[in-house]
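In this text the structure is predicted, and so the values were computed from the model without any measurement. Every chain is numbered from 1, with letters handed out A, B, ... down the list of sequences.
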Number of protein chains: 2
Amino acid sequence: MSLQEELHLDKPLASVEHEALLNLYYTAAKLKKRASEFFGPYGLTDVQFQMIMLLHHQGGAKGLSQARLSELMQVNRANVTGLVDRLERDGLVRRTAAEDRRYNIIQLTDKAHRLLDKIEADYGREVKKVMGVLAKSELAALIRACGKLREQL
Amino acid sequence: MSLQEELHLDKPLASVEHEALLNLYYTAAKLKKRASEFFGPYGLTDVQFQMIMLLHHQGGAKGLSQARLSELMQVNRANVTGLVDRLERDGLVRRTAAEDRRYNIIQLTDKAHRLLDKIEADYGREVKKVMGVLAKSELAALIRACGKLREQL
DNA sequence: GGTATATAGTTTACATATAAACAAACTTTT
DNA sequence: AAAAGTTTGTTTATATGTAAACTATATACC
């Protein structure tokens, strides 16, 4: 369904370009809400899960610095401080000082590993269920288009 | 460029479906940041501009209720309260009581109309510049794909 | 060695987002 | 008409996001 129908807009959108932009926005927002519903029962937010995933798959046993997390999540350093604060409060990550004492090393706790084991397979199925309405060729086209857009931003 | 390269990920992503999902997220986030930079010099946030646009094009002279704005922006009613508060503080919208006294009628002020006149053409050009890296067929495919995704969420 | 510069993380102030509980006003049911 | 239910907007608590100013530490350069 078009956004115009979905939102019951009086007027059509100004251009195909604008329509595509708004489609990206609204769809990403709706996916994010679905993710919130999915992670809620596990006591996590979607962003917290993202950080845990990154620490597991990109950090391994060594962990990641907050600066690297900031880069991986494409968010402000200040934001990472708060995100790590809350995960630490909930006993899911540990902050330790690195040799270079400007850095914090962030590592997952056993509790986080156990939680991830419980969620990850289910998450993979959920992603395939949601994104599976698109054919492989459509998924590839979507990835290509998003890549092109990001490249010139 | 692929997300894996862009973020210098150690490992490839778990599935094409996951890759497509993350592409949507990261691209929408990056577009939002570009929008912030664009609107900053006008003293607006991207969300404030979106609300003003909706009030102008969908509300006309009559204005819109907060409930309708909530539906149009696909955000919580509580969030609309704050958004309208800040626009009202900045003299860009007016709250008036409707006949049905549960409703607030939100209308643009002259100041908002003047501001919109200054921004809108420039905004249209910016959107075409950014989204213009995609061919019309790619834009259409993107819109179709996003529509399909939203339909089953 | 000492100064300048860069980098990492934190703090503050603010905007945007949600859920849940609430009050006020309307509608439906009986 | 009274009770029950629905809708609208607000408040509160909390999470996530930014920019700017700050501290601490490390590196580069003279």
Legend entry - Whichever of A:Val80 and B:Val47 has its nearest DNA chain C nucleotide further upstream toward 5': A:Val80
Inset, instruction - Choose from C:dG9, C:dA17, C:dT11 the nucleotide whose nearest atom is closest to any side-chain atom of A:Ala78. - result: C:dT11
Below 3.5 Å between N/O atoms, which protein atoms pair up with nucleotides 2-7 of chain D? Just atom names and distances, please.
none

Legend entry - B:Lys129 with A:Glu17: basic N within carboxylate O range, under 4.0 Å: no
Legend entry - Contact under 4.0 Å: B:Thr45 side-chain N or O vs C:dT16 OP1/OP2: yes
Inset, instruction - Identify whether any heavy atom of A:Asn79 sits under 4.0 Å from a base atom; if not, whether one sits that close to sugar-phosphate; answer base, sugar-phosphate or nothing. - result: base
Inset, instruction - Using atom CG of B:Leu44 as one end and atom P of C:dC14 as the other, report the distance to the nearest whole Å. - result: 18 Å
Inset, instruction - Rounded to the nearest angstrom, tell me the gap between atom CG in B:Leu92 and atom P in C:dA15. - result: 13 Å
Inset, instruction - Give the rounded distance in Å between these two atoms: CD of B:Glu37 and P of C:dA15. - result: 19 Å
Inset, instruction - Could you state the atom-to-atom distance from CD of A:Gln48 to C1' of D:dT16 in whole Å? - result: 10 Å
Inset, instruction - Check whether any side-chain N or O of A:Gln66 sits under 4.0 Å from OP1 or OP2 of C:dT10, and answer yes or no. - result: yes
Legend entry - Side-chain N or O of B:Ser70 closer than 4.0 Å to phosphate OP1/OP2 of D:dT8: no
Legend entry - ILVMFWY network linking B:Tyr25 to B:Val16, side-chain heavy atoms under 4.5 angstrom: yes
Legend entry - B:Thr81 vs A:Arg89, nearer the 5' end of DNA chain D by closest nucleotide: B:Thr81
Legend entry - Between A:Asp122 and A:Tyr42, a side-chain donor and acceptor under 3.5 Å: yes
Inset, instruction - Go through the steps to decide whether B:Phe38 and B:Phe49 satisfy the test ring-ring contact (aromatic ring centres under 6.0 Å, His included), and finish with yes or no. - result: CA-CA 11 Å; B:Phe38 176 81; B:Phe49 179 75; 7.5 Å; no
Inset, instruction - Any chance you could measure B:Leu7, atom CG, to B:Ser2, atom OG, to the nearest 0.5 Å? - result: 8.5 Å
Legend entry - OP1 or OP2 of D:dG17 under 4.0 Å from side-chain N/O of A:Arg86: no
Legend entry - Which residue lies more 5' along DNA chain C, comparing B:Glu99 with B:Arg77 via nearest heavy atoms: B:Arg77
Inset, instruction - Considering only NZ, NE, NH1 and NH2 on the basic side and carboxylate oxygens on the acidic side, decide whether A:Arg150 and B:Glu6 come within less than 4.0 Å. - result: yes
Inset, instruction - With heavy atoms under 4.0 Å as the rule, sort B:Arg95 into base, sugar-phosphate or nothing. - result: sugar-phosphate
Legend entry - Rounded distance in Å - CZ (B:Arg34) to C1' (D:dT18): 18 Å
Inset, instruction - Run the salt-bridge test on A:Arg68 and A:Glu71 with the 4.0 Å N-O cut-off and return the result as yes or no. - result: yes
Legend entry - Between P of C:dA17 and NZ of A:Lys32, the distance in whole Å: 11 Å
Legend entry - Any A:Asn104 side-chain nitrogen or oxygen under 4.0 Å from OP1 or OP2 of C:dT10: yes
Inset, instruction - Check the distance between C:dA15's C1' and A:Asn76's CG and give it to me in whole angstrom. - result: 13 Å
Legend entry - Sidechain N-carboxylate O distance under 4.0 Å for A:Arg94, A:Asp110: no
Legend entry - Gap between atoms CZ and P, on B:Phe39 and D:dA19 respectively (whole Å): 16 Å
